[in-house]
Amino acid sequence: MSPATGHVLGVDSGGSGIRVALRAVPGSGPDLTWASSVPAAVGEQGVDARGLLGQVLPAARSLLARAGAQRCEAVCVGAAGMISLGADLRAVLPSALREALGVRRLALAADAVTAYAGALGQRPGAVVAAGTGLIAVGTDLTAECGWRRADGWGHLLGDCGSGAWIGRAGLEAAMRAYDGRAGGSHALLERLEAVFGPPPELPAALYPRADRPAVLASFAPEVSRCAPGDPVAADILRRAARHIAEAAAAVCPAPRPGREATSAATGRQAGLADPAAEVYGTGGACDVAVTGGLLRMGAPLLAPLHEELQLQLPHACPVTAAGEPLDGALCVAEALLTDSLLLPADPPMLRIVC
């Protein structure tokens, strides 16, 4: 039987926009990519499938034309909101992608799953995706356990340790200083005034905003800048690191005998990083990666995060994420084409629909 060949498409739809990539299988050339800063709209029906298709289909056709190809054999769409706001996506995308692109195999995935696949490929472990929001997922690759999830409940109910959480905590400390209450930070108050203006005007400027989590997260870098010289800001980042490690610990699968051989083999199969350079768990340890824009905050957050991971997951093996969610979407799409998918199909986290 000849190996499967063709083109696969990965889609990453998130709060900061939509990205699309086309890969030839097998192929040694670079992936063809397209990006838009306009995110998919969210309405009464959840994520707007037709709005998403309005960007993805022209992009996919353009990439196929550049590749000299006619169709996509397999597609993986990873989308923020797929779990709780993805009803329209699940209803519309399968038939639309079959008709427009000739898709034979399709996966609809939560963005946390594509973040996982981008970071670890197809091997057991745990991944925390930390940006404006925060969610952790883990799996031991067995159908019995499927996916384990922690947080990702939004800025009002959770996302603890996220950019929005850090920004909100920093603004609260600034307002405490403005009031003269204990726990305030004058350094953060100065940054609030520089970024948002007079403190009494902040509630009216913040509360009506539909993009309130992003506005809160925009203040997180200010907390990081103040942390080296401000104990209140430094404590906020220490608490954020504790929350991130707690989420990782909640989803990290239990060690399994002989896992180190499986880890190396599936890591090579994923093709997301040089296996010789990758750090794999040993002695059955759980590989743990943290990915997302929050890592750009640098040492003020990463140093306490390293300490918290060691404290809460002493037997885990921290690894550097091999890739991003778009890489993960391509990884899943390629595995569909080659019938080599190891990640558990566990709706609504990962749904194989054709």
Side-chain angles (χ1 to χ4, degrees), residues 8-23 30-67 72 75-97 99-101 103 106-115 117-118 129-135 152 154-155 159 162-164 167 205-206 208-221 291-294 296 323-330 332-333:
V8 301
L9 193 77
V11 178
D12 174 38
S13 174
S16 60
I18 298 170
R19 298 187 300 158
V20 181
L22 184 73
R23 172 180 294 171
D31 301 327
L32 301 178
T33 61
W34 173 93
S36 167
S37 61
V38 179
V42 179
E44 294 182 359
Q45 303 300 317
V47 182
D48 179 14
R50 288 168 180 81
L52 177 65
L53 288 169
Q55 295 196 66
V56 169
L57 291 182
R61 292 189 183 105
S62 175
L63 296 178
L64 285 168
R66 288 169 56 189
C72 292
V75 174
C76 174
V77 178
M82 182 69 77
I83 297 174
S84 56
L85 299 172
D88 195 38
L89 298 178
R90 292 187 287 271
V92 172
L93 293 188
S95 60
L97 291 172
E99 293 175 9
L101 303 177
V103 175
L106 172 64
L108 300 179
D111 58 339
V113 170
T114 50
T132 297
L134 184 141
I135 186 171
H155 73 291
D159 286 357
S162 68
L206 177 63
R209 294 282 294 264
D211 60 344
R212 189 164 55 244
V215 176
L216 291 171
S218 71
F219 196 69
T291 185
L294 207 62
R296 291 195 291 268
E324 300 181 346
L326 185 60
D327 301 303
L330 284 171
V332 173

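Residue A164 comes nearest to L216 through the heavy atom pair O-CB, 3.7 Å, listed as atom of the first residue, atom of the second, then distance. For the pair A49 and V92, the tightest heavy-atom approach, listed with the atom from each and the gap, is CB-CB, 3.7 Å. Annotation for G14 and P39: closest pair O-CB, 3.4 Å, computed over non-hydrogen atoms. When all heavy atoms of L9 and A60 are compared, the pair lying nearest together is CD2-CB, 3.8 Å. Contact record, L53 with P58: O-CD, 3.6 Å, taken as the closest heavy-atom pair. The two residues T291 and G323 have their closest heavy-atom pair at OG1-O, 4.3 Å.
Distance check: Q55 CD to R50 CZ gives 15.5 Å after rounding to the nearest 0.5 Å. Separation of atoms CG (D159) and OG1 (T132) is listed at 9.0 Å; rounding is to 0.5 Å. Rounded to the nearest 0.5 Å, atoms CZ (R23) and CG (D327) are 7.0 Å apart. One distance of note links CG of L64 with CG of L32; it measures 9.0 Å at 0.5 Å rounding. Atom CG in L106 sits 11.0 Å away from atom SG in C72 (nearest 0.5 Å). Distance CG/L108 to CZ/R90: 8.0 Å, rounded to 0.5 Å.
Side chains of L22 and V8 form no contact here, defined as non-hydrogen atoms less than 4.5 Å apart. Side chains of I18 and L52 form a contact here, defined as non-hydrogen atoms less than 4.5 Å apart. Using a 4.5 Å heavy-atom cutoff, the side chains of V20 and T33 are not in contact. M82 places none of its side-chain heavy atoms less than 4.5 Å from the side chain of D111. For the pair T114 and L326, the minimum side-chain heavy-atom distance is 4.5 Å or more.
For the side chain to side chain contact (heavy atoms under 4.5 Å, CB included) test, residues two or more places apart in sequence or in another chain that qualify with R61 are L57, A100, L101. Checked against side chain to side chain donor-acceptor pair (under 3.5 Å), R19 has the following partners two or more places apart in sequence or in another chain: D12, E324.
No side-chain donor-acceptor contact under 3.5 Å links D88 to the backbone of D48. Side-chain N or O atoms of S62 include none that pairs as donor or acceptor with a backbone N or O of A59 at under 3.5 Å. With S84 contributing its side chain and G81 its backbone, the two residues share no donor-acceptor pair below 3.5 Å.
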